[in-house]
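The sequence lines fix the lettering, A, B, ..., with proteins before strands; numbering per chain opens at 1.
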Amino acid sequence: MSGGPDNGAAAPGGRAGRRGARWLVLAIPYLWLLVFFLVPFFIVLKISLSMTALAMPPYVPVFDLAKGIDNVVAGIRQFTTDNYVWLIEDALYVRAYLSSLWIAAVSTFLLLVVGYPIAYGMARAPRRWQAMLVMMVILPFWTSFLIRVYAWIGILKKEGLLNQMLLALGVIDDPLTILNTNTAVYIGIVYSYLPFMVLPLYAALERMDDTLLEAAADLGCPPVQAFWKITFPLSMPGVIAGCFLVFIPVTGEFVIPDLLGGSETLMIGKTLWAEFFANRDWPVSSAVAVVLLVILVVPIVLFQNQEAKRAEREGR
Amino acid sequence: MATKALGPMRRKFAPWDDPAARPFIEFRNVTKRFGDFTAIDNLSLIIYEREFFALLGPSGCGKTTLMRMVAGFEEPSAGQVLLDGQDLAGIPPYRRPSNMMFQSYALFPHMSVEANIAFGLRQARMPKGEIDARVEEMLNLVKLKPFARRRPDQLSGGQRQRVALARSLAKKPKVLLLDEPLGALDKKLREETQFELTDLQQTLGLTFIIVTHDQEEAMTMADRIAVMDHGRIEQIATPAEIYEQPASRYVADFIGDINILEGRVAAADSASIRMECGGAGTTVLAAPANSVAAGQTAWFAIRPEKVSIALAPPTEAAVNCVGGEVWDIGYLGDVSIYHVRLATGATIKSTVSNHTRMIERPITWDDKVWLSWTPDAGVVLTR
Ligand SMILES: Nc1ncnc2c1ncn2[C@@H]1O[C@H](COP(=O)(O)OP(=O)(O)O)[C@@H](O)[C@H]1O
Ligand SMILES: [Mg+2]
């Protein structure tokens, strides 16, 4: 809507029509969110407030809209927060959440330590190689994630590739136990999530103006110091984006701890799976999922704020 | 060029004429190649302490490369760069006593104006109190006190340029390298800053090397100018010498406006040179010049303001006088440029200063006019 003299009186229909079109454009993403996020979320939330039952589906109440609004109201009256109380009272769940957050934090740190040099090397490589290097980072995505995690079992197991190689080289005398430990989980997570860390870091580093480092050197700053005083602070948006992009999904990770982890590996994704498939306790597993979401809302909102601030700064 | 007159009295400063003067920065047969492209071609150059030295030349002639070799961002492919008698080879930029103001300013975007200026001082581990005092001094100097806390992206182009200047000056370096420092400024701010720079250089007693492709800027500020072309130096001289005694047609043409007449040297002795300029259909009598021999091809170069224009032929000699028709007049306010077409078709320009406010000019389009000049008004060039 450009300003200027009000022509609404002259062409009310035109203006209303345009406004309608604008609302439609705005409505599409909200509709998307509603259908693919909010509706499933409310279903899960509803189940988490229900009670376990030996039935199909395994919980009550079940809403049947055909039986009219009274049935729904009666159902809502039966809602219970028992499942949530259960989550707090049983230390297992609390420990699983804390352990997930801890594993996600350690993984994020490891990814940053491994990913930063890779991204830095890519950004410093000759221009004509860079597109190819980015390709190589993305390439593993073209094969199934599950198969790649299985491949790690073959590498890490007792008689696997890694142990055979180390034994052959004489580095070790007895095979190492890596598979089914947290170490294997960290290896799997770092391997699988590396592109999510490397790409935002690369984007931030690649944009950096090299003359800034020359200016720093000119003012008496040797290269290593220049890295910490110039390069690293300027890559901060990439660091933050990369950390959030891996921390959030790793917290809820299930496949990697399930395939590579052992009994010591406590992650909420595994707990949720066990609750749902082994115990067939849909209400409790739904409560687990809802609490996980609530926990992750904090970093997600922080991340969104950061991204919005950055967009605003760069848009100027 | 008026800005210079506003400054403190220029000292008498001419170490290049003093055989005992010590070179401060010296290029000895320096060549710099990028792949098989030669950016600097066997160049030798001496710059003296406290000199304001300008590198002038078209884009791509190697000015920035030359400066980057002093700063340490490029190493010569052959030859030596010396500072105060010490060969700079292998000394990294962060150990060199020069500071550079970058063409792109290269301000640290995540630091405030203050922090940018203090960067080099902190790096040198100057005590905190002294750093604060120096930053304050620099902020006052570039008149950015109210902007100390701002970040570079919150400043205008001119303000950023001043921050870059303050940052490069903060350490009071022995050598300050300025790469097209005023390129992005509008005319007024530019003239102001030119004046500030010359003033600073003299009060602080520093050695400045400035790169510019703006000849007027070089003339205004520098003690000496090096005119470069394709990685070589065409001429090094004071602004007046460059203007009045250009060493080649390239230099003559690069600095200011000039008429160049090609001809054959008819006679040359210690008193004068006589040239037959076929293109202009006239004979030119000029002051003697070194290494000009009878029979060779040469060029007579004369500035438009040294060519007189009149409606009647001069009464005396018939030399250095040629008739033509006014082809075009360019009115520039303070001066007017007459483009006079000769009988041969060649054009000679003559500028006349408009010292009276003539609404009606006696000389106008299509007038038959006579151009004349004294024998020492122009120079004979052999290349
Ligand atoms: N790092 C480099 N690699 C290849 N060529 C370069 C490099 N730096 C400069 N050049 C070339 O050297 C020449 C001189 O460049 P420069 O010194 O920047 O010129 P100026 O500052 O006079 O415009 C240019 O033709 C430029 O393309
Ligand atoms: Mg340049």
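- When all heavy atoms are compared, the tightest approach of B/Met111 to A/Ile230 is CE-CD1, 3.9 Å.
- By the 6.0 Å contact criterion, CZ on A/Phe109 is open, its count of non-hydrogen atoms from other residues, nucleotides or ligands being 12 or less.
- The minimum heavy-atom distance between B/Tyr94 and A/Pro223, with the atom names listed, is CE2-CD, 3.4 Å.
- Scanning all heavy atoms of the two residues, the minimum distance from B/Pro109 to A/Leu234 falls at CG-CD2, 3.6 Å.
- Side-chain contact between B/Phe119 and A/Lys229 is present, with heavy atoms from C-beta onward closer than 4.5 Å.
- Contacts of A/Arg95 classified as salt bridge (charged side-chain N to carboxylate O under 4.0 Å, His left out), with partners at least two apart in sequence or in another chain: none.
- Side-chain atoms of A/Leu219 and B/Arg122, non-hydrogen and from C-beta on, never get closer than 4.5 Å to each other.
- In this structure, no portion of B/Met101 lies under 4.5 Å from any heavy atom of chain A.
- For B/His230, the NE2 atom counts as loosely surrounded, since its 6.0 Å shell holds 12 or fewer non-hydrogen atoms of other residues, nucleotides or ligands.
- Neither the backbone nor the side chain of A/Ala226 has a heavy atom closer than 4.5 Å to any heavy atom of chain B.
- Rounding to the nearest 0.5 Å gives a distance of 14.5 Å between OH of B/Tyr105 and CG of A/Leu212.
- Contact detail for B/Arg167 and A/Ala215: the closest heavy-atom pair is NH2-CB, 3.5 Å.
- Side-chain contact between B/Ser168 and A/Asp218 is absent, with no heavy atoms from C-beta onward closer than 4.5 Å.
- Crowding of B/Arg95 atom CZ: a count of heavy atoms from other residues, nucleotides or ligands under 6.0 Å not exceeding 12.
- Only the side chain of B/Arg68 comes within contact range of chain A, with heavy atoms under 4.5 Å apart.
- Heavy-atom pairs under 4.5 Å with chain A peak, among B/Ser104, B/Pro93, B/Pro97, at B/Pro93.
- Residues B/Phe73 and A/Glu214 share a closest heavy-atom pair of CZ-O, 3.3 Å.
- In this structure, B/Gln123 and A/Pro222 have side chains that are in contact, with non-hydrogen atoms separated by less than 4.5 Å.
- Within the 4.5 angstrom heavy-atom criterion, no atom of B/Leu121 approaches chain A.
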